[in-house]
Amino acid sequence: MTGEPRRVHRPQRPHTRWEIDEQTTLGAAYVRSLMRGQLRTGLAAFAVLVLLLATLPLFFGALGSATVVWVVLGFAAYPVLVLLAWWYVRRAERNESDFARLVEGAEHRGGP
């Protein structure tokens, strides 16, 4: 056979991904759930950061030693910030993997 096929068979796209790609109501609900989770994670990290920064002046006032203040600012603050950033990235990645599992699970069940 050398002729062109009369019908082109297109592979079926998974229904849930189609909902998200086409921005249907269900797809928008899926994306909103991911965005809410990411927003909660970001706000939690921001709240911890603000709490840490707000308490530093009180901590420095209680110390009264300029040397200790500079040591805290120069060395002790960075591991805390790195730990907070590490937590944020891990949590954001977990939110995304949960979202991916939700979408894949809905596809394997045959739809929403």
For this session: Say whether L84 and L53 are linked into one hydrophobic cluster, either directly or through other cluster members, by side-chain heavy-atom distances under 4.5 angstrom.
Result: yes

Exercise. With the 4.5 Å side-chain cut-off for hydrophobic clustering, are V69 and L81 part of the same group?
Worked result: yes

Seminar exercise, completed: To the nearest 0.5 Å, atom CG of L34 lies from atom CG of L102 at 10.0 Å

For this session: Enter the distance from L39:CG to R36:CZ here, rounded to the nearest 0.5 Å.
Result: 10.0 Å

Exercise. Do you reckon V48 sits in the same ILVMFWY cluster as V80, going by side-chain contacts under 4.5 Å, direct or chained?
Worked result: yes

Exercise. Shortest non-hydrogen contact from P57 to A54?
Worked result: CD-O, 3.4 Å

For this session: Rounded to the nearest 0.5 Å, what's the gap from CG on N95 to OG1 on T41? Could you check?
Result: 4.0 Å

For this session: Could you tell me the separation between the CG atom of L56 and the CG atom of L63, rounded to the nearest 0.5 Å?
Result: 10.0 Å

For this session: Assess whether side-chain contact (heavy atoms from CB on, under 4.5 Å) is satisfied between V72 and F59, documenting all intermediate values.
Result: CA-CA 10 Å; V72 169; F59 177 70; 3.8 Å; yes

Exercise. If you measure from OH on Y88 to CD on E93, what distance do you get to the nearest 0.5 Å?
Worked result: 10.5 Å

Exercise. From F60 CZ over to T55 OG1, what is the distance, rounded to the nearest 0.5 angstrom?
Worked result: 9.0 Å

